[in-house]
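The structure appears below as structure tokens.
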Amino acid sequence: MNLMLRRAASAFPTSSSRRLFSGSCFDSTAPAAAASPDSSPGGLYGFPVLRTAKGFRRFVDDAIERSGELVSYVSLLPPSGEIIRALDEISDTVCAVIDSAELCRNTHPDREFVEEANKASMRIIEHLHFLNTNQSLYDAVKRAEDIPLLTDEAQRAAHALRTDFEKGGIHLPADKLERVNKLNVEIAHLGREFNENIMIDPGSLDIFPASRIPKHMHHCFKPIYQPIHKMTKGELKVEDIKKEKGFRVRTDPSMLSSLLQFVSDAEVRKQSYITGNSAPHANLGVLNKLISARHELAQVIASYFPLSQCLEGLKIMVNSLFGATFHKVAFAAGESWHPDVIKLSLHHPQEGDLGFLYLDLYSRKGKYPGCAHFAIRGGRQISEKEYQLPIVALVCNFSTGTGSMAPRINHCDLETLFHEFGHALHSLLSRTDYQHFSGTRVLLDFAETPSNLFEYYARDYRVLKTFARHYVTGDAIPEKLVTVMNGARNMFAATELQRQIFYSMIDLTLFGEEAAASRDTVSVVSDLKRQYTSWKHADGTHWHTRFSHLINYGAGYYSYLYARCFASTIWQQVCCEDPLSPTVGAAIRSKLLQHGGAKDPANLLRDFAGDNILECCDGGVAPNITSLREELGL
């Protein structure tokens, strides 16, 4: 039951444990009755038990005892709102200790109070992990959630508590649940150590002479002195009387900012910057341990994209849009090339089989390293009554998972999966007389448009909620999380667009009408980077020798940018309002996918999304960039 804090963040940095359980405790302004502040004077923060530093020990003992009594009480309660009220009291009892200790250890001038607060904090956090994995409390919460409670807030609290239990791993086997608890405690300790190192070691620099520091800042620093060295007849001697004054300069963030702003001496600014950004050195090791612990924890806990569920998402999307379903079919002898490969047929209830799709999804040695769609056989009209069905393969390189853990993918991989699946649908749903025009066998300017369109489906909450479920709790992905993911994706949208323009210009310059054969390609790429990006070229590098699209496209890489413009317009004009509706699906199939390369792309696009999807340019046509520009906020 992650009982930790739903409270507003304090002005002081919170411990790692508070961040870990953020959003898991109910906001309760009154401390628990067993340790409530006394109205009479005495006791830190009004708690009589905290009249001395060692009172933190009793504070923790009382909280553990009281929460234990409440656990026993709750475990015997019938389904009722009293379960939620009692759980809130447990939360309040524990939070009173955590909050008080947190404030004390960050602000109290008495070292004894700080040390006792640190000990109290770690003790109560360890007890908290016991509460968070208590099966009796979890069972009680489920009992309460299953009945109508008196208020919407109580009902919401019951649901939130149950969800928090499950996100904390309550369903895990005992050994893994114990490991989760140990990891949480380790993370709490590491977070505490990290923050303490920041306070203990702000960094410092000795500056001589004192005149190198502006006078108005002298009062901020501790004066220091060093002997003045003097040369006498070729020998170095130390003056016994005269000493040079300087300052020991702290380089914590606030002071570093002042130094960089007000010190005119460039060398002092440089050394201050280096020192301030090199402390605390001890946190390099702490951070490595924290990364390892959090990574391990992030694996038996949160993910909304199990690969099997993502594949279900593709099936749901196809059924919603086109009324078709995927079915697993058996291989003929010798048909498969690896045990991981599966074969699916795309079937329509009125039209029958539409085509066949091989899925080869997992990474292995010697396999193509990326994600791609391969056309094996194009569709074509053999006779009036017979159509040759298309056969395609979708190849990816996802991890197979570890141990008993099912494979999962991140959101970027999900976008790639939907992108390549867009190519597959283009092939499977096209119906052309000639295989020469089947599916993706289209003019290059148009080839990436369907695949880019289906990336939007991987980012839309209305689509994701149909299949993206937490692999432990089964809860649908929260809309807020989808918003955050898309926000992170768009954070550097302009930089990504600049990068794609740069790639396109490399391709056009090397393979365009005026080929750059007379110059070495390294200098060509270096000049283009300076011309079209904000980045500097690193001498000695030649990144473009690993850019395989130079082989595949040959002066056609710009089609990715064309496709982004087309897909953005189609999404906004046709799909966005109701992306999974059969009406939208019928339009995508009949006006975009089924023609393959048999129709002129310009006519096809205008018929599908309106005349404004294109604009005249130098006697030809080019994408209208308005929709993409609005989407990226440019």
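Note that the structure is predicted; figures quoted are calculated from it, not measured.
Atoms CD1 and CZ, from I570 and F608 in turn, are 5.0 Å apart once rounded to the nearest 0.5 Å. The OG1 atom of T133 lies 6.0 Å from the CD1 atom of I170; values are rounded to the nearest 0.5 Å. How far OG1 of T432 is from NZ of K599: 13.5 Å, rounded to the nearest 0.5 Å. With rounding to the nearest 0.5 angstrom, the CZ atom of F454 is 5.0 Å from the CE atom of M317. Taking CD from Q388 and CZ from R377, the interatomic distance works out to 4.5 Å, rounded to the nearest 0.5 Å. Note that CG of L344 is 10.0 Å distant from CG of L314, once rounded to the nearest 0.5 Å.
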Could you walk me through whether V318 and T325 satisfy the side chain to side chain contact (heavy atoms under 4.5 Å, CB included) test, starting with their C-alpha distance in whole Å, then the side-chain angles of each, then the deciding distance to 0.1 Å, before giving a yes or no?
CA-CA 7 Å; V318 167; T325 54; over 6 Å; no
Apply salt bridge (Lys or Arg N to Asp or Glu O under 4.0 Å) to residues R162 and D146 and explain how you reach the verdict.
CA-CA 11 Å; R162 192 263 304 166; D146 287 341; over 6 Å; no
Just do the side chain to side chain contact (heavy atoms under 4.5 Å, CB included) check on H595 and N603 with the steps written out, would you?
CA-CA 11 Å; H595 301 290; N603 295 333; over 6 Å; no
Test side chain to side chain contact (heavy atoms under 4.5 Å, CB included) applied to L394 and L417, step by step:
CA-CA 9 Å; L394 188 58; L417 179 64; 4.1 Å; yes
Please report the C-alpha distance between S451 and E448 in whole Å, then the side-chain angles of each, then the deciding distance to 0.1 Å, and finally whether the side-chain hydrogen bond (donor to acceptor under 3.5 Å, both in side chains) criterion is met.
CA-CA 5 Å; S451 55; E448 294 292 332; 3.1 Å; yes
Test side chain to side chain contact (heavy atoms under 4.5 Å, CB included) on L414 and R459 and set out the steps.
CA-CA 9 Å; L414 182 73; R459 300 194 287 267; over 6 Å; no
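Other residues, nucleotides and ligands contribute at most 12 non-hydrogen atoms within 6.0 Å of the NE2 atom of H436. Residue F492 qualifies as open at atom CZ: its count of foreign heavy atoms under 6.0 Å is 12 or below. For K367, the NZ atom is densely surrounded, since the number of other residues' heavy atoms within 6.0 Å is greater than 12. Atom CG of D152 sits in a sparse spot, with 12 or fewer heavy atoms from other residues, nucleotides or ligands closer than 6.0 Å. Counted within 6.0 Å of CD on E386, heavy atoms from surrounding residues, nucleotides or ligands total more than 12; the atom is thus considered enclosed. Environment of NE2 in H327: crowded, with over 12 heavy atoms of neighbouring residues, nucleotides or ligands closer than 6.0 Å. Applying the 6.0 Å contact sphere to CD of E496 captures more than 12 heavy atoms from other residues, nucleotides or ligands.
Taking the six-membered ring where tryptophan is involved, the planes of H419 and Y560 are essentially parallel, since the angle between them stays under 30° and well short of 60°. The aromatic rings of W571 and Y457 sit perpendicular, their planes meeting at an angle over 60°, well past the 30° parallel limit. Ring pair H470/Y304 is perpendicular by interplanar angle, where above 60° counts as perpendicular and below 30° as parallel.
Between P601 and D445, every side-chain heavy-atom pair lies at or beyond the 4.5 Å cut-off. Taking the side chain as every heavy atom from C-beta outward, L361 and L311 approach each other to under 4.5 Å. Counting only heavy atoms from C-beta outward, the side chains of L632 and R564 approach each other to under 4.5 Å. Residues T466 and L580 form a side-chain contact, since some pair of their non-hydrogen atoms from C-beta on lies under 4.5 Å apart. Using a 4.5 Å cut-off on side-chain heavy atoms (C-beta onward), L593 and P450 make contact. At a threshold of 4.5 Å between non-hydrogen side-chain atoms, the residues Y358 and I391 count as touching. Between Q573 and I613 there is no side-chain heavy-atom pair separated by less than 4.5 Å. Counting heavy atoms from C-beta outward, L425 and F322 have side chains that approach closer than 4.5 Å.
With 3.5 Å as the limit, one finds no donor-acceptor pair spanning the side chains of Q572 and Y456. Defined by atom type and a distance below 3.5 Å, a donor-acceptor pair is present between the side-chain atoms of Q435 and R441. No side-chain N or O of T495 forms a donor-acceptor pair with one of Q498 less than 3.5 Å apart. Side-chain contact of Q500 with Y557: a donor-acceptor pair under 3.5 Å is present, judged by distance alone. Side-chain contact of Q594 with R431: a donor-acceptor pair under 3.5 Å is absent, judged by distance alone. For the residue pair E145 / H159, a side-chain donor-acceptor distance below 3.5 Å is found, with atom types taken as modelled.
The main-chain N or O of G439 is found under 3.5 Å from a side-chain atom of S430 such that the two form a donor-acceptor pair. Of the possible donor and acceptor atoms, none in the side chain of E615 sits under 3.5 Å from a partner among the backbone N and O of N624.
In this structure, D600 does not pair ionically with R606, as no charged nitrogen and carboxylate oxygen lie closer than 4.0 Å.
Among L528, D507, V525, the single residue meeting the side-chain contact (heavy atoms from CB on, under 4.5 Å) criterion with H544 is V525.
Of all the heavy atoms in V522 and T541, the pair that sits closest is CG1-O, 4.0 Å. Between T473 and T163 the shortest heavy-atom distance is CG2-O, 4.5 Å. Minimum interatomic distance between A458 and E415 (heavy atoms only, all atoms of both residues): CB-CA, 4.0 Å. The shortest non-hydrogen separation linking I147 to Q155 is O-NE2, 3.3 Å. Listed here is the closest heavy atom pair of Y461 and P478: CE1-C, 4.0 Å. Residues C575 and L453 approach most closely at SG-CD1, 4.1 Å, considering heavy atoms.
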